[in-house]
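First comes the structure, then the notes that go with it.
Start at 1 with the first residue, then count along the sequence. We count ligands from 1, going down the list as the structure has it; atoms in each ligand are counted the same way.
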Amino acid sequence: MQVYYEDDIDRQWIADKKVAVIGYGSQGFAHANNLRDSGVEVAVGLRPDSASAAKVKETGIPVLDTAAAAAWADAIMMLVPDHLQSEIYARDIKPGLAAGNNLMFAHGFNIHFGMIEPEADVDVTMVAPKGPGHTVRRQYELGYGVPCLVAVANDASGSGKNLALAYAAAIGGARAGVIETNFREETETDLFGEQSVLCGGLTHLMQAGYETLIEAGYAPEMAYFETIHEVKLIVDLIYEGGMSLMRYSVSDTAEYGDYVSGARLIDDRIKGEMKKILAEIQDGSFARRWMDENRSGRQGFLNMRSDHAGHQLEEVGAKLRSMMPWIAKERLVDKSKN
Ligand code: NAD
Ligand code: MG
């Protein structure tokens, strides 16, 4: 596996390029600000009526309409939501693409599943930070970086990959490592990771643990601390030194319980289900289901969002956090800025 660091990357490939970041959400905010702070000429492309325009203007980065940004730029990074990218591409991006332009993505979804099919004379690349946008910005400001994946679907100009690597370095990725992959591998592993472990697996594991304690009559505050809040403290140890460092730090009692009870929970049935989830990602049926959900008005999605936001555990968590003001002081997300 090829991993690139600062010394392996020539930033000259982006030095004379105009870069448009399309969208100013989680990733758009981080990319635009990191690129600007790295000395890259960057503009943000948004809908004319976008609520984000005021937030971008505060930073001094120019804002253009999406179509104008695409026409102006040499490199166009698509950071609008995945389910909207194909229509935004067809309407606003495609008309502005010239031969040799670099059409960039932070996730391979639309290219891999064939929802966007760029012309053959356009470079198509990916720079995908392996972390949330707010973390990409925070780590950059601290002088660190979030590892990035880089991939090339089409290198018509012959320098598409060099530009993608320079872009990854400019957003801070090369401080941590830029790993070369392809669109298929990034798309499938990314969807699998977020569904099975990072988002889906973790939240549902925590919720089931929380509910088990509540149903057994324990206090909500106790349940929240034990099954949700402390997850970060454990993950911090794993992040720092792997599972063995975490197991070194917890008591022998906790470590013994980890081995004997963990294996009972995450058993062959769970792994069998993970394999089915992966198969549905690989054969495109997850992508179809998600696009159908969007086309039919997202009611199911919005219902699940409000059900989860309304769970008692969210209220308990908010109350407990209010007693720990340092959490807000160190916050990653400031909704007034992005
Ligand atoms: P987001 O939902 O946070 O932000 C999308 C932004 O797009 C909005 O803030 C808005 O500025 C803009 N937008 C929405 N509708 C638009 C329209 N019709 N026209 C123009 N602009 C519009 O998105 P995100 O989570 O940053 O995801 C962007 C891309 O980055 C996706 O491909 C995603 O898979 C990828 N990605 C995201 C993360 C993450 O941390 N969220 C991590 C890695 C990769
Ligand atoms: Mg992702």
Enumerate the atoms of ligand 1 whose separation from the nearest heavy atom of [X] is less than 4.0 angstrom.
X	result
Gly131	40 (O), 42 (C)
Pro81	2 (O), 5 (C), 7 (O), 14 (C)
Asp82	31 (C), 32 (O), 33 (C), 34 (O)
Leu84	15 (N)
Leu79	5 (C), 6 (C), 7 (O), 28 (C), 29 (C), 30 (O)
Leu46	11 (O)
Gln85	32 (O)

### Task
Compare Lys55, His107, Gln27 and give the one whose heavy atom is closest to atom 43 (C) of ligand 1.
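Of the listed residues, Gln27 has the closest heavy atom.
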### Query
Hey, looking at atom 4 (O) of ligand 1, which of Gly23, Gly133, Gly25 has the closest heavy atom?
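Closest candidate by heavy-atom distance is Gly25.
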### Task
Could you tell me whether Tyr24 and ligand 1 have an N or O pair separated by under 3.5 Å?
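Between Tyr24 and ligand 1 (N or O atoms, distance only) the closest approach is under 3.5 Å.
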Given that the side chain starts at C-beta and the backbone is N, CA, C, O, which of these parts of [X] lies under 4.0 Å from ligand 1, counting heavy atoms, or is it both or neither?
X	result
Asp190	neither
Asp92	neither
Pro129	backbone

### Task
Examine ligand 1 and decide if any of its atoms is less than 4.0 Å from a heavy atom belonging to Ser52.
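Within the 4.0 Å threshold, so yes.
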### Query
Measuring from the heavy atoms of Gly45, does anything fall under 4.0 Å of ligand 1?
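No heavy atom of Gly45 comes that close to ligand 1.
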### Message
According to ring-ring contact (aromatic ring centres under 6.0 Å, His included), does anything in residues 145-197 pair up with another residue at least two apart or in another chain? List the pairs.
### Response
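Checked against ring-ring contact (aromatic ring centres under 6.0 Å, His included) - neighbours excluded - the pairs reaching residues 145-197 are His31-Tyr167.
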### Message
Ring centres under 6.0 Å, that's the criterion: do His112 and His107 meet it?
### Response
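Centroid distance His112-His107: not below 6.0 Å, so no.
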### Lys271/Asp267 ion pair, N-O < 4.0 Å
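Salt bridge: no.
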### Query
If you measure only the distance, is there a donor-acceptor pair under 3.5 Å linking the side chains of His311 and Glu211?
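Yes, because at least one side-chain N or O of His311 sits under 3.5 Å from a partner of the opposite role on Glu211.
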### Side-chain H-bond candidate by donor/acceptor type, Asn303 with Gln299, under 3.5 Å
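Yes, because at least one side-chain N or O of Asn303 sits under 3.5 Å from a partner of the opposite role on Gln299.
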### Message
Which residue in the set Val80, Leu84, Asn110, Leu97 passes side-chain contact (heavy atoms from CB on, under 4.5 Å) when paired with Tyr89?
### Response
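Exactly one candidate clears the test, Leu97.
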### Query
Which of these passes side-chain contact (heavy atoms from CB on, under 4.5 Å) with Lys161: Asp123, Asn102, Asp155?
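Testing each of Asp123, Asn102, Asp155 against Lys161, the sole residue satisfying side-chain contact (heavy atoms from CB on, under 4.5 Å) is Asp155.
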### Message
I want to check a possible cation-pi pair here: Arg175 against Tyr140, using under 6.0 Å from ring centre and within 45° of the ring axis as the test.
### Response
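Geometry flag: set, cation within 6.0 Å and 45°.
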### Task
Please list, chain by chain and in numerical order, all residues satisfying side chain to side chain donor-acceptor pair (under 3.5 Å) with Glu230, sequence neighbours excluded.
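Glu230 satisfies side chain to side chain donor-acceptor pair (under 3.5 Å) with no residue once adjacent residues are dropped.
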### Query
Are any non-hydrogen side-chain atoms of Ser26 and His134 less than 4.5 angstrom apart?
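When only atoms from C-beta onward are counted, His134 and Ser26 do touch, with a gap below 4.5 Å.
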